[in-house]
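The sequence lines fix the lettering, A, B, ..., with proteins before strands; numbering per chain opens at 1. Only heavy atoms go into these numbers, but all of them, side chains included; no hydrogens, no water, no symmetry mates.
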Amino acid sequence: MSDFDFSVILDNLPFLIEGLGMTFLLTLLAIAGGLAIGTLLALARLSGFAPLAMVAAAYTNFFRSLPLILVIFWFYFLVPLILGRPVGGFYSVLVAFILFEAAYYSEIIRAGISSVRSGQVAAARALGMNYWQTMGDVVLPQAFRAMTPVLLTQAIILFQDTSLVYVVGLKDFLVSAELVANRDQRLVEMFTFAAAVYLVFCLLGSYAVRRLQQRFAT
Amino acid sequence: MIVLDKVSKRYGDFQVLTDCSTQVARSEVVVVCGPSGSGKSTLIKTVNGLEPFQGGTITVDGIDVGDPKTDLTRLRARIGMVFQNFELFPHMSVVQNIRVAQIKVLKRPEAEAHQKALALLDRVGLGEQAEKFPSQLSGGQQQRVAIARALAMDPIAMLFDEPTSALDPEMINEVLDVMQELAAEGMTMMVVTHEMGFARRVADRVIFMDEGRIVEDAETDQFFGTPRSDRAQLFLSKILHH
């Protein structure tokens, strides 16, 4: 075991990058979908229309009470059942991530919207802007600005959580690294490398969060 | 143009407004004053439906504000409002602040809205500040931008809710001057303010409120000369002699 051979990384780089691409693709699509649905959930909860607010609250509390891995399993078996045909690991996992993340994002966005002064809404309404104009042009741009650091933190967690897709046999970065590790019997090298890659991207993300917080603090 | 008839409003058990009746004619300037908590800000916000009310009626240019069938959004686009804390949109430049509702609400072409914004900025003496953001302006400048933003909608009347209360003393006059010019041009105005000098110079009528009621509603000269109610006299003696 003393002869570490890190050339295994270079030799398999295209394969590993492909896996990393899957990790990033899942992360980005889950963020985009999660933000879209999360925003609607937040607006529903703040709508003042009790039935809508209750449905949104129930959704949020439901998904936040389940382990992510359970949701992934669940959709892996559920989505094909609903559609009546297999959809493949990628789409079922993507749906699971989006719906799961939406619950967390909605809480962040709700706090962000609440942080916008009520006078801003009054000013927009006084100018004759309707609900969607007020939200789209005045409230949400300010809310998203205020919550960017928290959203980015959530994105970092999501980036790590995508490694859970191994349970449905999807080849993300960690699975690719593991395949190489087992095939070439280079477990220490490959898992060290994988850890380093996750570490670098997450540290970069954390650094961006700190920078943004400093910028918004002034 | 603005008619309030027995307007009443409650927050739960708390009666904020009781039977408030008054009128503002076209081109008239009416100042609303009174101690804090007397309901004057609430009253002015009922005029464009920002504050709902339970009793009485308000009509603006013949449109019933309290009627559930009234398109409040459309009505508000025709009534300008200026707030105590300016409420400029901080993520937009000055010129964008004045453009946004023209484009989104009035559907004006972008170029026309831009020209209008620049012309109004010139008019309030801020032609040089178009590309700045609100946070880069003084309070007095921000409030003048807010007035320009309201004027960009070509309002039939303007509501001012304590427009100078959040300003440092040296900036109050630059805002009052703009308002005085507006009044001179014949704008219909309802102004909640403690600036009695402005009221004396500019207002046609003064309304005095206390505990949610309109206690006095008089011609300006009469109000400052011989107010009929004791409470208005007491208020004036306090506010004019400090």
Side-chain angles (χ1 to χ4, degrees), chain A residues 35-36 38-39 42-43 46-53 105 108-152 208-209 211-218, chain B residues 41-42 44-52 71-92 96-108 113 134-135 142-143 145-162 166:
Chain A
L35 279 180
T39 303
L43 291 178
L46 294 170
S47 66
F49 181 57
L52 202 60
Y105 282 139
I108 298 172
I109 295 164
R110 188 161 69 110
I113 291 173
S114 302
S115 77
V116 177
R117 285 214 318 250
S118 64
Q120 290 282 302
V121 176
R125 304 294 271 174
L127 284 166
M129 294 169 97
N130 63 31
Y131 174 80
W132 291 108
Q133 289 165 340
T134 301
M135 278 298 161
D137 289 310
V138 175
V139 176
L140 287 179
Q142 294 184 58
F144 273 105
R145 215 189 128 124
M147 64 204 173
T148 304
V150 194
L151 287 174
L152 203 53
V209 170
R211 287 296 300 271
L212 284 170
Q213 275 169 338
Q214 283 164 0
R215 230 181 81 197
F216 292 154
T218 55
Chain B
S41 282
T42 308
I44 202 171
K45 283 179 183 154
T46 58
V47 173
N48 64 353
L50 278 185
E51 288 278 1
D71 185 352
L72 276 181
T73 307
R74 243 177 96 186
L75 179 68
R76 288 188 190 121
R78 301 172 62 211
I79 308 171
M81 185 154 202
V82 173
F83 298 84
Q84 184 176 355
N85 294 311
F86 330 133
E87 303 300 349
L88 294 179
F89 306 132
H91 56 297
M92 298 180 194
Q96 283 173 328
N97 261 281
I98 307 176
R99 262 189 348 215
V100 60
Q102 294 186 65
I103 295 167
K104 297 284 163 100
V105 178
L106 301 181
K107 313 287 179 206
R108 274 191 192 138
S135 58
Q142 289 190 52
Q143 194 61 299
V145 173
I147 294 173
R149 179 174 69 177
L151 290 176
M153 306 297 283
D154 295 324
I156 54 170
M158 288 280 287
L159 307 172
F160 292 86
D161 183 15
E162 303 206 31

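Counting only distance, with no hydrogens or angles, the side chain of B:Glu87 and the backbone of A:Arg117 share no donor-acceptor pair below 3.5 Å. Looking at B:His91, its side chain never comes within 3.5 Å of a backbone N or O of A:Arg145 through a donor-acceptor pair.
Using a 4.5 Å cut-off between heavy atoms, B:Asn85 contacts chain A through both its backbone and its side chain. For B:Ile79, the part lying under 4.5 angstrom from a heavy atom of chain A is the backbone only. With a threshold of 4.5 angstrom between heavy atoms, B:Arg149 approaches chain A through its backbone and through its side chain. When heavy atoms are compared at a cutoff of 4.5 Å, A:Gln133 approaches chain B solely by way of its side chain, counted from C-beta outward.
Across all non-hydrogen atoms, the minimal contact from A:Ala126 to B:Asn48 is CB-ND2, 4.0 Å. The two residues B:Thr73 and A:Gly128 come nearest to each other via the heavy atoms CG2-O, 2.8 Å. Here the shortest heavy-atom pairing between B:Phe89 and A:Ala123 reads CE2-CB, 4.1 Å.
Rounded to the nearest 0.5 angstrom, B:Lys104 NZ and A:Thr134 OG1 are separated by 11.0 Å. In this structure, CD in A:Gln142 is found 8.0 Å from CE in B:Met92, a value given to the nearest 0.5 Å. From A:Asn130, atom CG reaches atom CG of B:Leu72 across 12.5 Å, with rounding to the nearest 0.5 Å. B:Met81 CE to A:Leu127 CG: the interatomic distance, rounded to the nearest 0.5 Å, is 11.0 Å.
Side-chain contact check for B:Pro90 versus A:Gln120: some heavy-atom pair is nearer than 4.5 Å. Proximity of A:Met129 to B:Val100: side-chain heavy atoms (C-beta onward) are separated by under 4.5 Å at one or more points.
Options B:Leu88, B:Asp71, B:Leu75 differ in how many heavy-atom pairs under 4.5 Å they form with chain A, and the most are formed by B:Leu88.
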